[in-house]
Amino acid sequence: MELAVRGLTHRYGDMVVLDDVSLHIPAGEILCVVGPSGCGKSTLLRMLGGLEQPDWGEVLQGGTPPEGCLNPLTYVFQDFALLPWRSVAGNVSLVLEDHRLPGDRVRAIIEDVLARTRLSDFRDALPRQLSGGMKQRVAIARALAVNPAVMLLDEPLSALDAQTRELLMEDLVGLWERQPFTGVYVTHNLAEAVRLGHRIAVLSRRPGRVREVIEVPGPLSERQTGDPELEAIQAHLWGLMRDEAMAADQELLDA
Amino acid sequence: MPDIRVPFRGGGFRPEARRGTGIAVFVLLLFLIEWGTRAGWISNLTLPRPSDVAATLADLARSGALWTHLLPSLSRLAVGSALGVSAGIGIGVLIGLFSYIRAGLVPLVAAIFPIPKIALLPLFVIWFGIDEGSKYALIALGTFTPTVVATYGAVDNVDRGLIRMGQSFGLGWWSIVRKIVLPGALPGILSGLRVSLAIGIILLVAAEMLGAQYGIGAYILQAGALYDLERLFAGVVILSCLGVLTSWAIGKIEKRLLVWRG
């Protein structure tokens with residue numbers, strides 16, 4: 001499935017957060033959205049999945065979702081959004097329960113996604129017992145369970161430490177390699193963007209506009225940290241964002 | 001080589017469990033009163049001897065009078081607070097979920113909350129009769145208001161991120177309420193229950209003082225009228241135990257239902 005955004009504009013009060021944003025996300029490709037804080041990238045992502053309504057403009061979806069897809073547009077949230085009173089398996093089963101699937105099918109799906117995210121041994125653990133990285137793997141397993149056509153990832157690795165982030169990036173690349181999904185990956189981390197994005201959209205700060213869309217060459221699986229070509233792209237991105245990031249840092253909240 | 005050890009200056013400002021301290025304070029207090037009443041520096045019009053109160057309690061238990069007073073009280077508390085708490089949780093959840101119900105009922109609840117419910121007892125006697133009905137109604141109304149306030153507060157405090165997550169996976173409205181909102185509100189509802197039940201016990205005694213033949217409240221009132229301090233204090237001890245017991249029971253329920261909080 002592919003997504004397109006046309007002329008998206010949105011205000012919070014007097015503040016324009018998104019100004020005439022247009023993007024195309026082709027099927028089977030990951031688009032990373034980067035930008036300084038306050039550029040409206042999370043707002044954009046919420047609009048892509050229908051969790052927020054834009055003032056002007058529209059989000060369009062095209063193509064048919066894959067067979068067995070229960071929830072075409074599926075999110076992975078920064079704060080994991082796991083139900084603390086449900087076990088790992090219970091959190092996955094939550095999103096299957098409303099679909100009236102036969103019990104053995106539900107069990108099979110849960111087994112499969114937990115195996116794919118290497119969580120099979122932790123199926124009965126509660127979220128509070130898990131590390132941050134494990135929690136996000138549960139959230140990813142939950143997203144995989146509905147066999148999504150498009151994954152909407154909202155800074156999924158931001159709450160994690162650097163080593164865990166590295167491991168989860170490899171996991172995400174592995175999952176994409178195994179079954180390429182359409183993805184929108186919002187992050188403020190440029191290293192993540194160059195590792196996981198086929199293309200990277202750079203948003204400007206307030207009002208959020210698309211400044212540039214950059215193609216990142218090379219298959220995801222062959223990208224390594226420290227690759228000079230990727231470093232060059234990252235430096236270019238940083239050049240685009242630096243002044244605005246500085247301005248964002250020096251702004252008083254609520255001023 | 002540096003040779004001065006860096007002094008420790010952290011620590012403190014954190015409540016720590018100190019086992020047995022509570023009981024020690026309690027025992028010390030009882031001991032002081034016992035000593036004072038025996039030695040005479042506490043007159044026996046001021047306080048009864050703890051040992052006499054204990055003897056009175058033992059007598060009560062032996063003669064069976066304890067049960068004739070305790071059982072009606074317990075059933076009033078159980079029926080009244082069951083009515084009040086279940087209505088309170090129901091209305092509280094509705095207030096939490098629907099803006100119109102909130103706009104309509106929150107001011108009403110705020111108006112009812114501060115009324116001393118005991119003042120309404122004569123009215124309840126006319127409405128529900130002098131028997132059990134008026135006592136049930138009084139306890140029900142008294143437990144209802146704090147339960148409503150605690151419940152809608154708890155529903156309001158459920159993490160909106162979890163609700164958005166549910167919506168983003170296409171969960172139905174009823175599924176979101178049942179699987180996300182209600183379990184998320186449970187801790188707040190249970191802690192509100194502690195307050196509600198304590199208020200229930202206070203109102204139970206008040207209702208029994210105004211018109212009951214049997215019951216802990218009636219027993220205390222009779223003792224007070226005769227200035228029988230031993231019996232009065234025996235009644236008070238039973239009430240404290242009732243309070244501690246309900247609080248302990250809610251603690252048990254919390255432990256069981258909220259394992260996930262750790």
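Order of the sequence lines fixes the chain letters, A, B, ..., with proteins taken first and strands second; residue numbering starts at 1 for each chain.
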Any donor and acceptor pair, going by atom type alone, linking the side chain of [X] with main-chain N or O of [Y] inside 3.5 Å?
X	Y	result
A/R46	A/E52	no
A/H198	A/E29	no
A/R199	A/C32	no

Considering only NZ, NE, NH1 and NH2 on the basic side and carboxylate oxygens on the acidic side, decide whether A/D171 and A/R118 come within less than 4.0 Å.
-> yes
Before accepting this row, confirm whether a basic side-chain N of the pair B/K179/A/D98 lies closer than 4.0 Å to the acidic partner's carboxylate O.
-> yes
Against chain B, work out which of [options] has the most heavy-atom pairs shorter than 4.5 Å and name it.
options	value
A/L94, A/T74, A/D79	A/L94
A/L70, A/L82, A/L83	A/L83
A/Q129, A/H99, A/R128, A/E97	A/R128

Pick whichever of B/L257, B/D159, B/V259 has the most heavy-atom pairs under 4.5 Å with chain A.
-> B/V259
Most chain A-contacting option - heavy-atom pairs closer than 4.5 Å, from B/G184, B/G161, B/P183 | B/P183
When the 4.5 angstrom heavy-atom criterion is applied to A/R142 and chain B, the contacting part is both
Given a strict heavy-atom distance threshold of 4.5 Å, which part of A/V95 is in contact with chain B: side chain, backbone, both, or neither?
-> both
Would you mind checking which part of B/L186 comes under 4.5 Å of any heavy atom in chain A, side chain (CB onward), backbone (N, CA, C, O), both or neither?
-> neither
Step by step, work out the ring-ring contact (aromatic ring centres under 6.0 Å, His included) result for A/F77 and A/Y75.
-> CA-CA 6 Å; A/F77 298 94; A/Y75 282 92; 5.4 Å; yes
